[in-house]
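Owing to the predicted nature of the structure, the values given are computational and were not obtained by experimental measurement. In this chain, residues are counted from 1 in sequence order. Every number for a ligand or one of its atoms is a count from 1 in the order of the listing.
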Amino acid sequence: MNLLVTRFGAAALASTALLAGTALSGCGALSDDGDSGNGRRIVAAFYPLQYVAERVAGDHFEVDNLTQAGQEPHDLELKVRQTAELTDARLVVFEHGFQPAVDAAVEENAEGEVVDVADVVDLQPFAEHEDGEEEHGDEEHGDLDPHFWQDPLLMADLGDEIAARLGDLDSDHAADFTANAAALRADLEQLDGEYSEGLSSCERDTIVVNHDAFGYLTRYGIHLEPISGLSPGAEPTPADLGDLQALIRRDHITTVFSETLVSPKTADTLASDLGIKADVLDPIEGLTDETKNEDYLSLMRSNLQKLSEANGC
Ligand SMILES: [Zn+2]
């Protein structure tokens, strides 16, 4: 009963930012009675974390995503309502170093359990690029590459950790969480096998992408050249573009990839200047209107298809 009331409360909150201040107090009052209401909510900071949390939680918890569909997650700003969600959540799943606003808000507001992906999965340093420039010393990401979800096996590790933490919070359903994480791992291991197999013998190994979101694909022999370095919206300098054009000609690269959630203008111009193909590779940082019926697995498979085509695999 309380659960139902709280969910309606949350829906009303979501619909009107203006009411957030008023409705917050109501929300807090409802969550005071222990395990009902907000006692069943998980907050995930962005889509791949939401996907893992939903798969592992099954029907036992509701999962909210701080990054709305169609929103670019790197420079997310939080609304008052979302800060309140962080406070009320039993479990918050975020990745320190990826979204500065979320890092600060979790630190200040999370009162439940917190899973920091950076503590759980083995993050790797940014891959080296052809031009040898240090592009990743900025404070947004630090030295480790946060885009771990391009490696399905690291997603499986996150699933196991979430299962363990949910089992602590809700021991009656611990076996379900463990089984859900095992099923997720099986799906992810299959996906990993498809990537290994699909990219094992290609005519080329370099891909040109918009921003540096695909470093974890180096495990499959892929080498990356990002147009705009780390930040999805950054404009490359003419000198950077010149270097990239030379490299594309030298390596007979067939395709320049832009990405969802960011304007394809630079990638499209580069491709048309060189008379090669422009295509879209999804960094899977979030869903959009066009991909709202997809999920992590289907988007990863669609990327694999495009990579295979571009590199002659
Ligand atoms: Zn990114």
For D172, does the CG atom sit with more than 12 other heavy atoms under 6.0 Å from it, leaving out its own atoms? yes
Could you identify the N, O or S atom of H147 positioned closest to the Zn ion (ligand 1)? NE2
Can you name the N/O/S atom of E285 that is nearest the Zn ion (ligand 1)? OE2
Please determine whether D212 has a backbone or side-chain N, O or S atom lying under 2.8 Å from the Zn ion (ligand 1). no
If we ignore hydrogens and angles and just use 3.5 Å, is the side chain of Q124 paired with the main-chain N or O of G215 as donor and acceptor? yes
Answer with yes or no whether the hydrophobic clustering places F46 together with V121; edges join I, L, V, M, F, W, Y residues whose side-chain heavy atoms lie under 4.5 Å apart. yes
Applying side chain to side chain donor-acceptor pair (under 3.5 Å) between R55 and each of D187, D295, N180, report the one that passes. D187
